[in-house]
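To start, the structure itself, in structure tokens.
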Amino acid sequence: MFLPAAIPNPPKPAPDDLPEVAELKRQLHWAYLKIQVLEERLRFERIQKYGPGSEKLNDAQLELLEEEPGVSNREVQAESAREPLPVRAHTRRRRPHPGRQELPADLPRVERVIGCTPEQCQCSHCGQPTTVIGYETSEQLDVEPAKYFVLMTKREKRACQHCEQGGVAAAPAPARIIEKGLVSDRVVIDTVISKYSDHLPLYRQSVMLEREMGVEISRATMDGWVMTVGGLLIPVAAAMGRELLGGTYIQADETPVDVQMHGRRGRNHQAYLWQYSRPGGSVVFDFQLGRGRDGPKKFLGGFNGILQTDGYAAYDKVGGPQLVHGACWSHSRRKFYEAHQVSPGESVAKGIVLLIDELFGIDAEARAQNLDFAGRDRLRQQQARPLLETIRQRIEAAREQALPASKLGGAIAYTLGLWERLTKFLDYPELELSTNLAENSMRGVALGRKNWIHIGSPQAGPKVAAILSVVETCRRLDIRARDYLSAVLPGLAEVSIQKLAGLTPAAWAARTR
């Protein structure tokens, strides 16, 4: 058997208290923590790139968020495939099955009568002719392709047959959106709705017109129509902003949008659309070339109501001295959910997510009971206040073990840094738990910029923002944007500033309903 040669004078192990050993251990521990953070970042990047775009939830959690403002039933169904997790049960309104959908009664009906066959018109027993005794009726939604036609307007001219001094008088011309334009107001409005409500870019609309109707209208001409409408709506959007600032509660958020800068050799500039809205009320978009504080500071001015935002620092130190700043629990929850995504084996982040879901469940219970703000506030005081203390204790306990640079550490720092704002809903009953409605209002922008790509110039930005403000407000107030624009746009250029307050979508809806 081979025996290794003895090592002469083997070195003695160094004691642990030597400075060199302590330094090596410190460096090793630092390297371990750095590797842990980098691996977490790599996992998160892969999840963002290859994972699902939405936050997957389990069915129990979705029941709590199903009726949260800004969360649609379609989203709930799309996000329901996940391993079940325990969550506190809340009373939830069970909706009966709607059955067969009824078509709207105000739609015109066109009858189609189908006669019986010759064999059915004769009795199979005695051979005598049969008699019609009724009809089996069914209804289907049908459609006719869009019809384009030439609208010929004849203005009556009158003159006196007995003298020439009276001259000739012609009927006044109706007000139009684009004077002496080739197309009618309805075509212009349809172009605007198709682009900013249905996200159909102008070049596709131009191709469709040529393909279906043989009418060739350039994209530049259509763009001129859109910019004219946007210019007319800028004063209306300003009136909507004054209407919003006259209230007591505003939710704010921002989203990037590319703008063509013609002096930069084709490179786009990243500008921002800042969104200001009230739950259940108007939505106003403000175009800014940057993401600095100047935008919200200028728009909010001396606003002294409740402002609810995410944790972005640009919203700090804006508004008046009495402004109350609230935060969004959905943003906090999302950060803990991301921490759970990158480390699915740990239970700390998952437990905090479940506690936040219980918080949303309290408001879901209030909606199920159709409680007003006062009733919801009583429920919050009874259930949410002790739950918040539990959430804070759980987060502070997790802070002792979480790496500051990790996802969990970031979620903890974000939530504790905004804790005072996150708990403002206990003092102000009208304050929602989240800004989901504000984010929901910007989905049209997110869908649109994937189709129309960018805004054509910085000068076009405020016009696009005005159109989006009107279209999104009409959607939120359940107004047909086509009807509103048809009623307001013709002759809008001649309306005085004092009368604009009566032409906002909210004022128009209150007057016409």
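Each residue takes its place number in the sequence, starting with 1.
A salt bridge is absent between D316 and R293; no separation between the charged side-chain nitrogens and carboxylate oxygens falls under 4.0 Å.
Side-chain atoms of R333 and L433, non-hydrogen and from C-beta on, never get closer than 4.5 Å to each other. For the pair L200 and M208, the minimum side-chain heavy-atom distance is below 4.5 Å. Q308 has its side chain out of reach of I250: every pair of non-hydrogen atoms, C-beta onward, lies at least 4.5 Å apart. With a 4.5 Å cut-off on side-chain heavy atoms, I453 and D258 do not count as touching. Looking at T255 and Y272, their side chains never come closer than 4.5 Å, going by heavy atoms from C-beta outward. A heavy-atom distance below 4.5 Å is not found between the side chains of E430 and F425.
Among all heavy-atom pairs drawn from A175 and P490, the shortest one is O-CB, 3.6 Å. Nearest heavy-atom pair across L244 and V284 is CD2-CG2, 4.3 Å. Closest non-hydrogen pair, C328 versus T435, comes out as SG-N, 3.3 Å. Annotation for L289 and H269: closest pair O-NE2, 2.8 Å, computed over non-hydrogen atoms. Of all heavy-atom pairs spanning E432 and P279, the tightest one is CG-CG, 4.3 Å. The heavy-atom pair separating P505 from I479 by the smallest distance is O-CD1, 3.4 Å.
Note that CZ of R399 and CZ of R394 are 15.5 Å apart. Values are rounded to the nearest 0.5 Å. Of the inter-residue distances, the one linking R380 atom CZ with Y428 atom OH reads 13.5 Å to the nearest 0.5 angstrom. Atoms CG and OG1, on L431 and T248 in that order, are 10.5 Å from each other to the nearest 0.5 Å. Separating the CD1 atom in I177 from the CG atom in L489 is a distance of 4.5 Å, to the nearest 0.5 Å. Taking CG of L151 as the start and CZ of F149 as the end, the distance is 6.0 Å to the nearest 0.5 Å. Here OG of S332 is found 5.5 Å from CG of L422. Values are rounded to the nearest 0.5 Å.
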Show me the donor-acceptor pairs, under 3.5 Å and distance only, between side chains in residues 465-477 and residues at least two apart or in other chains.
unit_1, atom_1, unit_2, atom_2, d
S469, OG, F285, N, 2.8
S469, OG, A465, O, 2.7
E472, OE1, R475, NE, 3.2
E472, OE2, R475, NE, 3.0
E472, OE2, R475, NH2, 2.5
T473, OG1, V283, N, 2.9
T473, OG1, V283, O, 3.0
T473, OG1, S469, O, 2.7
R476, NH1, R278, O, 2.8
R476, NH2, L437, O, 3.2
R476, NH2, S441, OG, 2.5

Side-chain atoms of residues 294-307: list all donor-acceptor pairs with protein atoms under 3.5 Å, sequence neighbours left out, distances to 0.1 Å.
unit_1, atom_1, unit_2, atom_2, d
N304, OD1, Q322, N, 2.8
N304, ND2, G302, O, 3.1

Using distance only, find each side-chain donor-acceptor pair of residues 384-393 under 3.5 Å and give its atom names and separation, not counting sequence neighbours.
unit_1, atom_1, unit_2, atom_2, d
R385, NE, Q381, OE1, 3.0
R385, NH2, Q381, OE1, 2.7
E389, OE2, Q393, NE2, 3.4
T390, OG1, P386, O, 3.3
R392, NE, E396, OE2, 3.0

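Within the structure, salt bridge (Lys or Arg N to Asp or Glu O under 4.0 Å) contacts touching residues 177-200 (residues at least two apart or in different chains) are D190-R482. The stretch residues 486-508 participates, sequence neighbours left out, in no salt bridge (Lys or Arg N to Asp or Glu O under 4.0 Å) pair at all.
Every residue was checked against the ring-ring contact (aromatic ring centres under 6.0 Å, His included) condition with W225, not counting sequence neighbours, and none meets it. Residues that satisfy the side-chain contact (heavy atoms from CB on, under 4.5 Å) test with A411, not counting sequence neighbours, are K335, F336. Annotation: side-chain contact (heavy atoms from CB on, under 4.5 Å) contacts of H199 (sequence neighbours excluded): L447, N451. For P174, there are no side-chain contact (heavy atoms from CB on, under 4.5 Å) partners, not counting sequence neighbours. With sequence neighbours left out, the side-chain contact (heavy atoms from CB on, under 4.5 Å) criterion links L371 to A366, Q369, L379. By the ring-ring contact (aromatic ring centres under 6.0 Å, His included) test, Y484 pairs with W508, sequence neighbours left out. Checked against ring-ring contact (aromatic ring centres under 6.0 Å, His included), Y249 has no partners two or more places apart in sequence or in another chain.
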Worked verdict on V259 versus F287 for side chain to side chain contact (heavy atoms under 4.5 Å, CB included): CA-CA 11 Å; V259 179; F287 174 81; 3.7 Å; yes
Worked verdict on E365 versus R378 for salt bridge (Lys or Arg N to Asp or Glu O under 4.0 Å): CA-CA 12 Å; E365 186 175 333; R378 288 191 295 270; over 6 Å; no
Stepwise side-chain hydrogen bond (donor to acceptor under 3.5 Å, both in side chains) check, Q288 with D286: CA-CA 6 Å; Q288 295 290 331; D286 181 40; 3.0 Å; yes
Residues H325, E420; criterion side chain to side chain contact (heavy atoms under 4.5 Å, CB included); working and verdict: CA-CA 9 Å; H325 203 159; E420 184 180 353; over 6 Å; no
Criterion side chain to side chain contact (heavy atoms under 4.5 Å, CB included) on Q383 and L359, from CA distance to verdict: CA-CA 8 Å; Q383 300 185 24; L359 193 63; over 6 Å; no
Stepwise side chain to side chain contact (heavy atoms under 4.5 Å, CB included) check, Q205 with T191: CA-CA 8 Å; Q205 296 188 52; T191 302; 3.5 Å; yes
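Aromatic ring pairs are classed by plane angle as parallel below 30°, tilted from 30° to 60° and perpendicular above 60°; the pair Y312 and Y315 is perpendicular.
In summary, the side chains of R176 and S184 do not present any donor paired with an acceptor at a separation below 3.5 Å, with no hydrogens or angles considered. Judged purely by distance below 3.5 Å, without hydrogens or angles, the side chains of N436 and S330 pair a donor atom with an acceptor atom. In this structure, a donor-acceptor pair under 3.5 Å is absent between the side chains of H454 and Q270. Side-chain N/O atoms of T504 and E243 include a donor and acceptor closer than 3.5 Å.
Using a distance-only test at 3.5 Å, with no hydrogens or angles considered, a donor-acceptor pair links the side chain of T228 to the main chain of G224. Of the possible polar contacts, none joining the R449 side chain to the V257 backbone as a donor-acceptor pair under 3.5 Å is found.
The only member of Q275, Q251, H331 that meets side chain to side chain donor-acceptor pair (under 3.5 Å) when paired with E439 is H331.
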